[in-house]
A.B. asks: 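The structure is given below, and queries will be raised subsequently.
This one's a predicted model, so the numbers in the text were calculated from it and none came from an experiment. Only this structure's heavy atoms are used, side chains among them; waters, hydrogens and symmetry mates stay out. Letters A, B, ... are given to chains in the order of the sequence lines, protein chains preceding strands, and every chain is numbered from 1.
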Amino acid sequence: MSGSGKRGNMNNESVKRANGTSGSGTSGSVQKGPMKRVARFVGRNKLLVLVAGAYLLLAVLMPEKAAVAFQSSLYYLWEMVQVLPVIFVFTVVIEAWIPKSVIMKGLGEKSGVRGWLLSMALGSLSAGPIYAAFPIGKMLMNKGASVTNLVIILSSWAVIKVPMLANEAKFLGPQFMAVRWVLTVFAIFLMGWIMGKVVRREDLPGSVSETESREIDGKIVAGDTSLPEEA
Amino acid sequence: MDIFTILFWVLAVGLMAFSLIKGKDKTFKAMKRSKAMMGSMMGQIVAIIFLIGLVLAFVPTETIRAVLGGDTPFRSTLLGAAIGSVTLIPAFVAFPLIGSMLAAGADIVPAVAFLTTLTMVGVVTFPLEQREFGRKFAISRNVMSFLLAMGIALVMGVIL
């Protein structure tokens, strides 16, 4: 479960993968035994394998429950299919066209209250559930966004959405919605501020020193998303 | 698809076109990196999605109704916040559910605790959050969100 250890493994895997694909003449991963490939897949997707196992077990023991679970998962799967391509485009555009200096100035350690407000706006103009915020957050983190602003983006992404607020006002009343919204915004700023004090940038995986983009055999190392300092 | 999702797609297509026109090579290079980053998250995300289905199969809305409407407010609040943390229910299901409960005279505090942890605390997304942002970040964010959700619920109970 150790975050850093896992990260290390992952990076090794990515390096291996990058090497494998770059050298077209070398045997690479193609000739690896099927058992080894299965083992590697399992190692990388522990949660997925665990969940698949749970479904199999459930399908045998309580088939109706398994069907219900699968059925409701399909709704979330459809939600993901709708949102992830958009998130992908956003990360590409941030990666390609927004220089690190701009992110650092707008969302970095010294961005102050303006950075908070910008983060809140970014998070509020969001699409999809909180996991959709992870790739964007990761990208911004690698480009120098502060911990405080990262927390504000992730949290407001999950909580503050115009369609959601409209829905809340409809079913629970405008007053209920407005009070909860104000309290939540306050809570998010408070949490961002405290977390900015408690969590250092060094606590984040692959931050600053590690993220300087490395290239191996002309291939970009997977998972490393920081922009190389280009002239 | 709701109007907002459609708007985001329009925006995404526009941005992609802009990016390709502005610089093809740079766009493709960025695509490769984003693909690597998001590709490494995909297994987890698919796992999360099917995990949500599992959780919902075992914590159906009747259970949520029973828990939030419990006789001891403190216990209901704590349990409500806990259930909100492990489930990810879409807003259009959660709001009508809570709305009907409040209309029937249920206590507001457990309901708000549930609504707030529902979106802010993610137990099923925790492994992914931990991997991408570090253990300390993920634990602090989720624990603090849980506590703040309880705080928001209590304050709302006093105000409304």
Side-chain angles (χ1 to χ4, degrees), chain A residues 3 6 10 44-45 47-48 51 54-55 65 68-70 72-73 76-77 80 82 85-86 88-93 95-97 127 129-131 134-135 138 151 154-155 158-159 162-164 167-168 171-172 175-176 179-180 183-184 187 190-191 194-195 198-199 203-205 220 222-223 225, chain B residues 1-2 4-5 8-9 12 15-16 19 26-27 30-34 36-38 40-41 43-54 56-57 88 91-92 95-96 98-99 112 116 119-120 122 125 127-137 140-141 144-145 148 152 155-156 159-160:
Chain A
K6 217 171 186 179
M10 257 210 22
R44 262 207 225 143
N45 299 287
L47 190 64
L48 191 60
V51 171
Y55 268 92
K65 274 255 193 263
V68 168
F70 189 79
S72 55
S73 297
Y76 297 95
L77 203 62
M80 179 195 87
Q82 286 178 41
V86 175
F88 177 73
V89 172
F90 287 174
T91 58
V92 167
V93 171
E95 164 77 25
W97 305 112
I130 191 166
Y131 64 73
F134 291 166
K138 181 95 182 161
V151 171
L154 292 183
S155 305
V159 182
V162 177
M164 221 165 107
N167 212 315
E168 183 169 353
F171 285 104
L172 297 165
Q175 195 198 10
F176 183 100
V179 173
R180 204 174 77 93
L183 290 174
T184 306
L190 180 68
M191 177 163 63
I194 297 175
M195 275 193 64
V198 174
V199 181
D203 297 327
L204 305 178
I220 297 142
T225 53
Chain B
M1 261 191 218
D2 59 286
F4 277 86
T5 315
F8 275 110
W9 273 86
L15 279 173
M16 200 59 245
S19 183
K26 221 171 163 186
T27 304
M31 278 168 103
K32 220 183 236 169
R33 286 200 187 152
S34 289
M37 176 185 71
M38 287 183 65
S40 76
M41 295 188 199
Q44 291 264 2
I45 290 178
V46 172
I48 287 168
I49 283 168
F50 282 95
L51 195 57
I52 296 169
L54 269 185
L56 286 183
L88 276 169
F92 71 83
F95 289 137
I98 298 299
V112 175
T116 310
T119 44
M120 276 171 78
T125 51
L128 181 60
E129 185 174 350
Q130 174 182 262
R131 203 188 74 189
E132 299 304 326
F133 300 103
R135 174 178 275 194
K136 197 168 171 187
F137 182 95
S140 318
R141 198 191 68 78
M144 282 182 64
S145 293
L148 285 168
I152 291 172
V155 174
M156 278 195 73
I159 294 180
L160 295 181

A.B. asks: Show the numbers, then the answer: is there a side-chain contact (heavy atoms from CB on, under 4.5 Å) between A/F171 and B/I98?
C.D. replies: CA-CA 8 Å; A/F171 285 104; B/I98 298 299; over 6 Å; no
A.B. asks: Please look at B/L51 and chain A and tell me whether the side chain, the backbone, both or neither of the residue comes under 4.5 angstrom of a heavy atom of that chain.
C.D. replies: both
A.B. asks: With a 4.5 Å cut-off on heavy-atom pairs, point out which of B/M120, B/M16, B/M156, B/E129 contacts chain A the most.
C.D. replies: B/M156
A.B. asks: What heavy-atom pair brings A/K138 and B/E132 nearest, and what distance separates the two atoms?
C.D. replies: NZ-O, 3.0 Å
A.B. asks: How close do A/S73 and B/G53 get, heavy atom to heavy atom, and via which atoms?
C.D. replies: OG-CA, 3.2 Å
A.B. asks: Give, as side chain, backbone, both or neither, the part of B/L56 having an atom under 4.5 angstrom from any heavy atom of chain A.
C.D. replies: side chain
A.B. asks: Given heavy-atom pairs under 4.5 angstrom as the criterion, report whether the side chain, backbone, both or neither of B/M38 touches chain A.
C.D. replies: side chain
A.B. asks: What part of B/I152 gets closer than 4.5 Å to chain A, counting heavy atoms only: side chain, backbone, both or neither?
C.D. replies: both
A.B. asks: Please tell me if the side chains of A/Y76 and B/I48 come closer than 4.5 Å, counting only heavy atoms from C-beta onward.
C.D. replies: no
A.B. asks: Could you state the interatomic distance from CG (B/L148) to CE (A/M191), rounded to the nearest 0.5 Å?
C.D. replies: 6.0 Å
A.B. asks: Return the CG to OG1 distance between A/L154 and B/T125, rounded to the nearest 0.5 Å.
C.D. replies: 10.0 Å
A.B. asks: Heavy-atom pairs under 4.5 Å with chain B: which of A/V86, A/T91, A/N45 has the most?
C.D. replies: A/V86
A.B. asks: Would you mind checking which part of A/L77 comes under 4.5 Å of any heavy atom in chain B, side chain (CB onward), backbone (N, CA, C, O), both or neither?
C.D. replies: both
A.B. asks: Closest heavy-atom contact between B/R131 and A/P205?
C.D. replies: O-CG, 3.6 Å
A.B. asks: If I measure from the heavy atoms of chain B, does A/F88 come under 4.5 Å with its side chain, its backbone, both, or neither?
C.D. replies: both
A.B. asks: So, do A/P85 and B/W9 sit near enough that their side-chain heavy atoms are less than 4.5 Å apart?
C.D. replies: yes
A.B. asks: If the condition is side-chain hydrogen bond (donor to acceptor under 3.5 Å, both in side chains), which residues does B/S145 pass it with, not counting sequence neighbours?
C.D. replies: none
A.B. asks: Give me the atom names and distance for the closest heavy-atom approach of B/F137 to A/M195.
C.D. replies: O-CE, 3.5 Å
A.B. asks: Not counting sequence neighbours, which residues clear ring-ring contact (aromatic ring centres under 6.0 Å, His included) with A/F134? List them please.
C.D. replies: B/F133
A.B. asks: Given the rule in the side-chain contact (heavy atoms from CB on, under 4.5 Å) test, do B/M144 and A/V198 qualify, once you have shown the distances and angles that lead to the verdict?
C.D. replies: CA-CA 12 Å; B/M144 282 182 64; A/V198 174; 6.0 Å; no
A.B. asks: Identify which of B/G99, B/G134, B/A30 forms the greatest number of heavy-atom pairs closer than 4.5 Å to chain A.
C.D. replies: B/A30
A.B. asks: Could you measure the distance from the CG atom of A/D203 to the CZ atom of B/R135? Nearest 0.5 Å is fine.
C.D. replies: 12.5 Å
A.B. asks: Ring centres under 6.0 Å, that's the criterion: do A/F70 and B/F50 meet it?
C.D. replies: yes
A.B. asks: Report the option among A/A158, A/A187, A/A54, A/P135 that has the most heavy-atom pairs separated by less than 4.5 Å from atoms of chain B.
C.D. replies: A/P135
A.B. asks: Indicate the atoms forming the closest heavy-atom contact of A/L47 with B/P127, along with that distance.
C.D. replies: CD2-CG, 4.3 Å
A.B. asks: Does any backbone or side-chain atom of B/T116 lie under 4.5 Å from a heavy atom of chain A? Answer side chain, backbone, both or neither.
C.D. replies: both
A.B. asks: How long is the gap from OH on A/Y55 to CG on B/L54, to the nearest 0.5 Å?
C.D. replies: 4.0 Å
A.B. asks: Considering only heavy atoms and a distance below 4.5 Å, find which of A/V93, A/V159, A/V68 pairs most often with chain B.
C.D. replies: A/V159
A.B. asks: Identify the heavy atoms of B/R141 and A/I130 that sit nearest to each other, and give their distance.
C.D. replies: NH2-CD1, 3.6 Å
